[in-house]
Amino acid sequence: MSNVPDNLRYRDSHEWIAASDNPAAVGITDHAQHELTDVVFVDLPQVGRKVSAGEQVAVIESVKAASDIYSPVSGEITEVNSALTNDPATVNTDPYLNGWLFKIKLSNPAELEALMTPDAYRAHIG
Amino acid sequence: MRGVSDSENLQRSPLHPVHLELGARMVPFAGWEMPVQYSGIVDEHKAVRERVGVFDISHMGQFIVSGHGAEAFLNRALTNDISKLAPGQGQYTLMLNEAGGVIDDLIGYRTSEREFFLVVNASMIREDWDHLQKLITPDDAVQMANASAHVGGLAIQGPASRAVFAHVFASDGATYPERNTIQFGSTSGGMMWLCGTGYTGEEGFEFFMPASEAEAWFRKIIDAVKAEGGVVCGLGARDTLRLEMGYPLNGNDLAPTRTPLQSGLAFFVDLDKEEFVGRDALVKQKAEGLPDKLTAFRMVGTAPPPRPHYTVFWNGKQVAEIASGTLSPSLGKGIGMAYLPLAASKPGTPIEIEIRGRRFPAETCKKPFYAKPASTPPS
């Protein structure tokens, strides 16, 4: 069973956001890291980049494929997890804490309401 | 992240139910729905390098070519000299078009004086068959049978392959198939072809059996592989293992528009044979010089893994696209192959790979990418 923490919100494309913070950390879910397996490279966005909800902002590469990562909300990238450059597998081993990808300053916090609750995401990944 | 799944119109291996039972991730490959991985590509890859792994290769095709004229016919259809094979021996060989381009790469075995067993790529079964059929003339005295749909296959690869063989075949009295040999026989599990071949650079063997017997063999082999500390492997690890050795994959590294001389496979082309399809084009190309050559490269420094179709730059100019590329699990570095101009193909030549709009440094290198560490002598 995948771990789906209760304090986060989720996008149907398997990103999570720490919805109670602003700027908020964003990462991929335990389910997503399990599906990808073997994360070998993470391409992170530029700090300062302004993005819209649903925009492709990062790329996570496994041995087999490159997968696009989408921003769950609109806002400005304030920080990226540069530790992943040397240790991308942290996304596999610790997806909700040390495996965060970037932090985003929300420009429209109301967008959080459109994201999945933990229960909705649990149902989504069945 | 987004997943893709389209299992419509795909053929299934006789081992399909076992793959699902084992939790394999199934993907479309060469018209088949096949397992890309079970526990993970890196884990499976390392198991084969260090212990042993078993792969489903039921998607591959098998032709049986027999008759008085079989040897002469195959020598006209294929690049290597099949007349050199004694019964029980096999060779890597190529099927070319008239322009010298590669239709398929395959293994040809002589199973008896007048019978040959060909193992061809899954995606090319129909095309290879049609091509060979067209080459047969009424004078040839050749019969061909396509066993592909009725045959399952397994590859056991890794340093513990012999131990796995001993577990499974000890009671049948079969002997381990040495490199490039084939044995045809029947055992308690039915008839089979046992081949000393593989696609990983490790010791190992492949064997083909009636599709109806495949599941029972697979389960027996899985037990033996696990007893030897190995795992079940998918096509993902098969691809990283073969690429670390610099082995070409048809469709990626071999193409109807490129000759085996360009692909670095001249060793498997016998130009001393008087006649074979594509020979004239190869002789001409050899005299005129190669326009490009399949060249190995590795990424320098931190970079995303190189992947097929990424653009390759040399001296600031766009010169090629990647044929095969991946992260090498053994080396932890990006590796790949591309058809580069001869002047750029010398090992150590700096090149660049464009990935998502940025250029990353790489350099050409020798094959294989991975060499087995020398074993420590006993003290």
Side-chain angles (χ1 to χ4, degrees), chain A residues 1-2 10-17 26-46 49 54-72 82-89 91-93 95 99 101 116 121 124-126, chain B residues 1-5 23-29 34-47 231 233-244 299 301-310 322 324-336 353 355-358 360:
Chain A
M1 268 310 285
S2 286
Y10 301 88
R11 197 171 185 277
D12 60 358
S13 51
H14 309 289
E15 294 86 0
W16 58 261
I17 181 165
V26 174
I28 65 166
T29 65
D30 184 40
H31 172 77
Q33 72 76 19
H34 182 76
E35 287 294 306
L36 290 173
T37 65
D38 304 333
V39 171
V40 295
F41 192 86
V42 179
D43 230 346
L44 296 168
Q46 287 286 327
R49 179 173 155 193
E55 188 175 331
Q56 187 253 316
V57 282
V59 178
I60 292 188
E61 302 222 31
S62 63
V63 174
K64 197 68 193 160
S67 302
D68 289 338
I69 304 301
Y70 304 91
S71 181
S82 46
L84 297 179
T85 305
N86 287 327
D87 197 3
V91 173
N92 291 122
T93 55
L101 302 176
M116 289 179 168
Y121 183 69
H124 176 59
I125 60 177
Chain B
M1 76 164 254
R2 222 164 245 178
V4 180
S5 81
R25 177 114 18 105
M26 306 301 289
V27 296
F29 175 81
M34 294 295 288
V36 65
Q37 63 177 51
Y38 301 82
S39 52
I41 293 173
V42 173
D43 187 47
E44 294 164 27
H45 179 109
K46 290 186 171 165
V231 300
C233 300
L235 294 178
R238 191 165 158 85
D239 192 52
T240 53
L241 288 158
R242 69 94 192 165
L243 188 50
E244 283 187 352
M299 304 306 293
T302 302
R307 299 191 190 275
H309 307 301
Y310 287 178
I322 293 178
S324 282
T326 190
L327 181 109
S328 157
S330 299
L331 309 174
K333 287 265 171 217
I335 60 171
I353 311 298
I355 306 175
R356 296 188 281 277
R358 281 167 62 199
F360 291 87

With rounding to the nearest 0.5 Å, note down the distance linking CG in A:L36 to CZ in B:R25. 8.0 Å
When the 4.5 angstrom heavy-atom criterion is applied to A:V42 and chain B, the contacting part is neither
Considering only heavy atoms from C-beta outward, does the side chain of A:V63 approach that of B:T326 to under 4.5 Å? yes
Could you grab the distance from atom CG of B:D43 to atom OG1 of A:T37, nearest 0.5 Å is fine? 9.5 Å
Before you tell me yes or no, could you show the steps for B:L235 and A:K64 under side chain to side chain contact (heavy atoms under 4.5 Å, CB included), namely the whole-Å CA-CA distance, both residues' side-chain angles and the distance that decides it to 0.1 Å? CA-CA 10 Å; B:L235 294 178; A:K64 197 68 193 160; over 6 Å; no
Give me the atom names and distance for the closest heavy-atom approach of A:D38 to B:G40. OD2-C, 3.6 Å
Heavy-atom pairs under 4.5 Å with chain A, option from B:G332, B:A303, B:P329 with the top count: B:A303
Between A:E61 and B:P305, what is the shortest heavy-atom contact and its length? OE1-CD, 3.4 Å
In terms of heavy-atom proximity below 4.5 Å to chain B, should A:A66 be classed as side chain, backbone, both, or neither? both
